[in-house]
Number of protein chains: 2
Amino acid sequence: MESLNIGDAAKASGVTAKMIRHYEDIGLMPKVRRTMSGYRMYSAQDVHMLRFIKHSRNLGFSMKQIEALVGLWRDTRRPSSKVKALAIEHIAELDQKIRELQTMRATLNRLVHACHGDDRPDCPILDELAVDAVTTPNGDGVAGTVKKRKGKSCEHDCH
Amino acid sequence: MESLNIGDAAKASGVTAKMIRHYEDIGLMPKVRRTMSGYRMYSAQDVHMLRFIKHSRNLGFSMKQIEALVGLWRDTRRPSSKVKALAIEHIAELDQKIRELQTMRATLNRLVHACHGDDRPDCPILDELAVDAVTTPNGDGVAGTVKKRKGKSCEHDCH
DNA sequence: ATGAACCTTACCATCATGGGAAGGTCAAGC
DNA sequence: GCTTGACCTTCCCATGATGGTAAGGTTCAT
């Protein structure tokens, strides 16, 4: 069994040494064996797991979700339905987040188009931010206004 | 000049008392006057500023950006171009983030569709997460694969 | 044997927010 | 007046994922 020290495991997995130690701290990675001088030693399997974690992070899964995914991965008697459910749940989270950001973007884009952007101080952007209404994130008002327009949408041209 | 205590200012602005104090700590809000017993007193103008901050947060601006926005708001000789530039920059950030999330979503959706989601352990989702390749966030591979498909996109149906 | 390049732990920072403890204040009701 | 509950104050800690740095030990090639 050949094994890698943490730096080489980092290079081989794409996870920084810092984060590898962190995953060990929070119990996501097992405590690996050490050399006599205390250096961590990573097997090919450990590195494989690090890559699994890395891929999962790349897809935006949280640590908690990854813990569950790793559990299912190691359980050879898992029902794939459980994995699928996790993924679907995460898609819903992503959709939620995307919608929020798009709402912000739409409002901001509308304001940007209304602003002359010249040397004078008049500014519809500031006007809207200074509007005298209590708003909730994504409620009505400043962040929630998405007007239906006739004609072409200009949601995507901002300069 | 009537003034509100922090709780009423919170209700009137939509910013929690906790955050109002925090904004004072970090210098975003000025240090307001106090009653003899040390209670903070908020004027209508202070509350107005809190709402400005709240609106800005609702649009996803960072504290640093809001500091700049507040500065421009108070500067009656500001060029609106500066405000617009800030807003455009923020739109670019939002676009970046939206793209990242959409890439994740697309990959995940593809995997979800490939997974039977039954009682058996075979699972393309786990297979892909366990793939033996080092990936970067949004690079090629697990999080970066967005295949062009012929026929209808199914990027938005996940159940 | 020396120096570079690694490893170890431990602490602090980010960003915006929330929670809680310990203690002071205020107003209403008795 | 006194109690009670709802406020206020400051201070510290936690989140989630990541990065930084410092102080000290190890390994290896020159």
Side-chain angles (χ1 to χ4, degrees), chain A residues 3-29 31-42 46 50 53-70 90 93-94 97 100-101 104 136-138 143, chain B residues 3-29 31-42 46 50 53-70 90 93-94 97 100-101 104 136-138 143:
Chain A
S3 55
L4 304 166
N5 67 23
I6 200 169
D8 293 335
K11 275 167 210 152
S13 66
V15 179
T16 63
K18 200 90 193 179
M19 290 313 296
I20 296 177
R21 293 193 196 97
H22 179 62
Y23 293 156
E24 185 184 313
D25 283 347
I26 64 175
L28 181 55
M29 284 290 293
K31 299 203 173 181
V32 296
R33 275 172 308 143
R34 305 283 188 120
T35 64
M36 274 167 301
S37 53
Y39 284 24
R40 289 172 179 79
M41 295 190 300
Y42 293 88
D46 293 326
L50 284 170
I53 293 171
K54 177 72 175 173
H55 294 334
S56 303
R57 285 291 305 137
N58 285 350
L59 288 181
F61 285 103
S62 69
M63 291 295 111
K64 196 160 283 193
Q65 289 171 321
I66 294 174
E67 231 174 290
L69 285 172
V70 166
H90 183 43
E93 293 166 3
L94 289 173
K97 192 72 194 165
E100 283 173 20
L101 296 181
M104 292 176 184
T136 53
N138 269 306
Chain B
S3 56
L4 304 167
N5 66 22
I6 201 169
D8 293 336
K11 276 167 210 152
S13 66
V15 180
T16 63
K18 203 89 191 178
M19 289 314 295
I20 295 177
R21 293 194 195 95
H22 179 61
Y23 292 158
E24 185 185 311
D25 283 347
I26 64 175
L28 181 55
M29 284 290 293
K31 299 203 173 180
V32 295
R33 273 173 310 142
R34 305 284 188 120
T35 65
M36 273 167 301
S37 54
Y39 284 25
R40 290 172 179 81
M41 296 190 300
Y42 292 89
D46 293 326
L50 284 171
I53 294 171
K54 179 71 174 171
H55 294 335
S56 304
R57 285 293 304 138
N58 286 350
L59 288 180
F61 284 103
S62 70
M63 291 294 112
K64 196 160 282 194
Q65 289 171 321
I66 294 174
E67 230 173 291
L69 285 171
V70 166
H90 184 42
E93 293 165 2
L94 290 173
K97 193 72 193 163
E100 284 172 20
L101 296 181
M104 292 176 185
T136 52
N138 269 305

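Below, chains carry the letters A, B, ... as their sequence lines are ordered, and counting in each starts from 1. Note that this is a predicted model, so its numbers are computed, not measured.
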May I ask you to evaluate whether Arg57(B) reaches the phosphate of dT17(C), defined as a side-chain N or O under 4.0 Å from OP1 or OP2? yes
For Tyr23(B), answer base if it contacts any base atom (sugar-phosphate contacts may also be present), sugar-phosphate if it contacts only those atoms, and nothing otherwise; contact means non-hydrogen atoms under 4.0 Å. sugar-phosphate
Applying salt bridge (charged side-chain N to carboxylate O under 4.0 Å, His left out), can you list everything that pairs with Lys97(B), at least two apart in sequence or on another chain? Glu100(B)
Asn5(A) meets the side chain to side chain contact (heavy atoms under 4.5 Å, CB included) criterion, sequence neighbours left out, with Asp8(A)
For Arg21(A) and dG20(D), is the shortest distance between a side-chain N/O and OP1 or OP2 below 4.0 Å? no
Over the length of the helix from dA1(C)-dT30(D) to dC30(C)-dG1(D), how much do the five-pair end axes diverge, rounded to 10 degrees? 30°
Respond yes when some side-chain nitrogen or oxygen of Arg40(A) is under 4.0 Å from OP1 or OP2 of dT8(C), and no when none is. yes
Set of residues satisfying side chain to side chain contact (heavy atoms under 4.5 Å, CB included) with respect to Met41(A), sequence neighbours excluded: Ser3(A), Arg33(A), Thr35(A)
Would you list the atom pairs, donor with acceptor, under 3.5 Å between side chains in residues 19-26 of chain A and any protein atom, with sequence neighbours excluded?
residue  : atom : partner  : partner atom : Å
Glu24(A) : OE1  : Arg40(A) : NE           : 2.8

Enumerate the residue pairs fulfilling side-chain hydrogen bond (donor to acceptor under 3.5 Å, both in side chains) with a member in residues 9-18 of chain B, sequence neighbours excluded, ordered by first and then second residue. none
Closest of dT8(C), dC7(D), dT18(D) to the His22(A) side chain is dT18(D)
Residue list, side chain to side chain contact (heavy atoms under 4.5 Å, CB included) with Ala68(B), at least two apart or on another chain: Leu86(B)
Close approaches to DNA chain C from residues 62-70 of chain B, in residue order (heavy atom, under 4.0 Å): Ser62(B), Met63(B)
Contacts of Gln65(A) meeting side chain to side chain contact (heavy atoms under 4.5 Å, CB included) (sequence neighbours excluded), chain-then-number -> Phe61(A), Ser62(A), His90(A), Glu93(A)
Using only side-chain N and O atoms of Thr16(A), determine if any of them is under 4.0 Å from OP1 or OP2 of dT18(D). no
What pairs of nitrogen or oxygen atoms, one from the protein and one from nucleotides 27-30 of chain D, lie under 3.5 Å apart?
residue : atom : partner  : partner atom : Å
dT27(D) : OP1  : Ser37(A) : OG           : 2.8

Please write out each protein N/O paired with an N/O of nucleotides 10-12 of chain C under 3.5 Å, distance rounded to 0.1 Å.
residue : atom : partner  : partner atom : Å
dA10(C) : N6   : Lys18(A) : NZ           : 3.3

